[in-house]
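Data first, discussion second: the structure below is written as structure tokens.
The figures that follow rest on heavy atoms only: side chains count, while hydrogens, waters and symmetry mates do not. Atoms within a ligand are numbered from 1 in the order they appear, just like the ligands themselves.
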Amino acid sequence: MAEERPVLAVDLGGTKVAAALVSEKYGISVRVNVPTLAAEGPPAVIKRLLETIQALLRQQELAPADLAAICVGTAGAVDMAHGLITLSPNLPGWHDIALGEIVSRQFGVKTHIINDAKAAALGEHRRGAGQGVDNLIVLTVGTGIGGGIIIGGRLYTGVSGSAGEIGHMTIDINGPKCACGNVGCWETLASGTALAREAQQRITQGAPSLLTEMARGGNITGELVEAAARRGDPLAQQAVARIAESFGVGLVNLVNIFNPGIIVVGGGMARMGELLFAPARRLVAARAFRQASGAVRIVPAALGQDAALLGAAVFAREQE
Ligand SMILES: [Zn+2]
């Protein structure tokens, strides 16, 4: 009964490694979380990842042959066809690492590698906020902006597997430098990092804000700016308004290009709720083509951190 074997899904993030068994019906039966300790470099992180998979198997008294497949979702650029992590902003030192081959050699199980935002898109489509919609876009908005495009019910990957780098569409040709080497990318203007920078710049210019006291000499974060905005701090509210506007501009582009039925927004910034969504929706209504803007719903994600694990399992099963 090969089809009843679970997929072992791994979410390899900059701060933690989560591993879970995902059933054929996409139930998560068991999970293990360990810190990534990414600064220790690739060999140490790979060793920890292999040990985490081993520990999960041992805990469940499973042999590798009891798995349908292993799939690792990770932040950064992934060559899915070759199981390579080509570059990851959250994992220092990772360049062209054949993680798929390393894991499959260790366990003798077919192993797939997928970008975590693309995995989250598949997860939200099959089990989350995008269920029942076959043309949709799923965004993960946190320190950066990741994305997945689903067309006709399938993940769109492009001719060489790199499609969906939505966070790197240019919004401002003179904008801030991005980690990808370009300038003015959407994620430099509409992410949590951008929100923190926007507030910090205003404070540096001498504007008064509750944030100075709230940060207590530490870094101003997107979460802090959000909290200050909710307390009525004008500077924080201006920063939020600016970021929501940039966020909305990106959505207008997506709506005009893809005419999706739904845009699902997850990640840390989605927790801002209507503070972010309401102005962004207004901008879409005002600026996008009416035929498209009238057809799209812009909604928060439903699965939280499980989206990437579930989506990794979806991806692995679809490669069979
Ligand atoms: Zn970029």
Side-chain angles (χ1 to χ4, degrees), residues 12-15 38 73-80 84-97 113-121 137-150 155-201 219-222 225 239-240 242-258 260 263-270 272 276 280 283-284 287 298 301 307-308:
L12 170 60
T15 54
T74 186
V78 169
D79 178 343
M80 290 186 282
L84 286 176
I85 297 179
T86 49
L87 185 70
S88 180
N90 299 339
L91 299 169
W94 288 61
H95 297 287
D96 292 331
I97 290 183
I113 311 290
I114 184 173
N115 167 274
D116 57 357
K118 288 190 176 79
I137 290 170
V138 180
L139 302 169
T140 303
V141 188
T143 53
I145 299 181
I149 300 161
I150 289 174
L155 183 69
Y156 178 70
T157 56
V159 291
S160 58
S162 78
E165 290 295 349
I166 296 170
H168 300 280
M169 72 170 138
T170 305
I171 298 290
D172 178 355
I173 58 169
N174 300 309
K177 194 152 179 49
C178 180
C180 77
N182 201 347
V183 296
C185 294
W186 197 24
E187 74 170 33
T188 69
L189 297 164
S191 61
T193 313
L195 179 58
R197 188 197 61 230
E198 192 67 37
Q200 182 64 61
Q201 276 174 354
N219 283 338
I220 287 174
T221 61
V225 181
V240 167
R242 181 61 195 260
I243 273 17
E245 185 183 29
S246 297
F247 183 61
V249 168
L251 294 181
V252 169
N253 291 336
L254 294 175
V255 167
N256 280 345
I257 295 167
F258 291 101
I263 297 178
V264 177
V265 186
M269 287 285 278
M272 287 173 69
L276 179 69
L283 209 73
V284 169
R287 295 194 187 183
I298 298 164

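Not a single side-chain hydrogen bond (donor to acceptor under 3.5 Å, both in side chains) links D96 to another residue, sequence neighbours left out.
Side-chain atoms of K118 never come within 3.5 Å of backbone atoms of G73 as a donor-acceptor pair (strictly under, hydrogens ignored).
With a 4.5 Å cut-off on side-chain heavy atoms, L84 and I113 do not count as touching.
The shortest heavy-atom contact between A75 and N90 is CB-ND2, 3.3 Å.
Inside a sphere of radius 2.8 Å centred on the Zn ion (ligand 1), the protein N/O/S atoms present are H168 ND1, C178 SG, C180 SG, C185 SG.
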Can you list, pair by pair, the side-chain donor-acceptor contacts under 3.5 Å of residues 189-200, counting residues two or more places apart and other chains?
residue: S191; atom: OG; partner: T143; partner atom: O; Å: 3.3
residue: S191; atom: OG; partner: E187; partner atom: O; Å: 2.7
residue: S191; atom: OG; partner: T193; partner atom: N; Å: 3.4
residue: S191; atom: OG; partner: A194; partner atom: N; Å: 3.2
residue: T193; atom: OG1; partner: T143; partner atom: O; Å: 2.6
residue: R197; atom: NH1; partner: T188; partner atom: O; Å: 2.9
residue: R197; atom: NH2; partner: T188; partner atom: O; Å: 2.9
residue: E198; atom: OE2; partner: R202; partner atom: NH2; Å: 2.9
residue: Q200; atom: NE2; partner: T204; partner atom: OG1; Å: 3.3

Would you tabulate the side-chain donor-acceptor contacts of residues 166-185 under 3.5 Å, counting partners in other chains and residues two or more places apart, or write 'none'?
residue: D172; atom: OD1; partner: N174; partner atom: N; Å: 2.8
residue: D172; atom: OD1; partner: G175; partner atom: N; Å: 3.4
residue: K177; atom: NZ; partner: G181; partner atom: O; Å: 3.3

